[in-house]
Amino acid sequence: PSLHRLMPGNPQSAAEKARAVRQHPGIVAQYFTERFRLFKRQFLENVLGALWTWYRIEFQHRGSLHAHG
């Protein structure tokens with residue numbers, strides 16, 4: 001829901017949300033990058049105490065971002 005609030009036109013249905021994600025990859029990429037950065041800092045570093053991390057960001061066939069690390 002927090003991602004879709006950033007989308008133009010305020011998509012409501014599942015089809016509208018999927019269309020908005022495909023039509024605005026820049027918003028999705030920026031949102032993912034910020035959320036992942038916060039996850040890395042707050043959980044991996046602060047909770048688990050990770051001293052270093054390695055990860056790779058990928059796009060699935062339908063355009064969804066995800067990270068391997």
K.L.:
Can you tell me how far CG of Leu44 sits from CH2 of Trp52, rounded to the nearest 0.5 angstrom?
P.N.:
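It is 11.5 Å, given to the nearest 0.5 Å.
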K.L.:
So how far is it from Asn46 CG to Arg41 CZ, rounded to the nearest 0.5 Å?
P.N.:
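Answer for the CG-CZ pair, Asn46 versus Arg41, is 7.5 Å.
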K.L.:
If the plane angle is over 60° it's perpendicular, under 30° parallel, otherwise tilted; pick one for His66 and His68.
P.N.:
perpendicular
K.L.:
Hey, could you give me the NE2/NE2 distance between His24 and His4, rounded to the nearest 0.5 Å?
P.N.:
10.5 Å
K.L.:
Which heavy atom in Phe32 sits nearest to a heavy atom in Ala67, and how many Å separate them?
P.N.:
CZ-N, 4.0 Å
K.L.:
Distance-only criterion, 3.5 Å: show the donor-acceptor pairs between side-chain atoms of residues 9-17 and protein atoms not counting sequence neighbours.
P.N.:
residue, atom, partner, partner atom, Å
Asn10, OD1, Gln12, NE2, 3.2
Gln12, NE2, Asn10, O, 3.3
Ser13, OG, Glu16, N, 3.1
Glu16, OE1, Gln12, N, 2.7
Glu16, OE1, Ser13, N, 3.1

K.L.:
Tell me, please, which residues at least two apart from Arg5 pass salt bridge (charged side-chain N to carboxylate O under 4.0 Å, His left out).
P.N.:
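If we apply the salt bridge (charged side-chain N to carboxylate O under 4.0 Å, His left out) test to Arg5, skipping adjacent residues, there are no hits.
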K.L.:
Taking C-beta and beyond as the side chain, do Leu3 and Ile27 meet within less than 4.5 Å on heavy atoms?
P.N.:
yes
K.L.:
Linking I/L/V/M/F/W/Y whenever any side-chain heavy atoms sit under 4.5 Å apart, do Leu51 and Phe39 land together?
P.N.:
no
K.L.:
Below 4.5 Å, heavy atoms only, C-beta onward: do Ser2 and Arg35 meet side chain to side chain?
P.N.:
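Yes; the side chains approach each other to less than 4.5 Å.
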K.L.:
So Gln60 and Leu65, side chain to side chain contact (heavy atoms under 4.5 Å, CB included) or not? Walk me through it.
P.N.:
CA-CA 6 Å; Gln60 291 178 329; Leu65 285 159; over 6 Å; no
K.L.:
Kindly write out the residues that satisfy salt bridge (charged side-chain N to carboxylate O under 4.0 Å, His left out) with Glu45, not counting sequence neighbours, or none if the list is empty.
P.N.:
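Lys40.
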K.L.:
Any non-hydrogen side-chain atom of Leu6 less than 4.5 Å from a side-chain atom of Gln30?
P.N.:
no
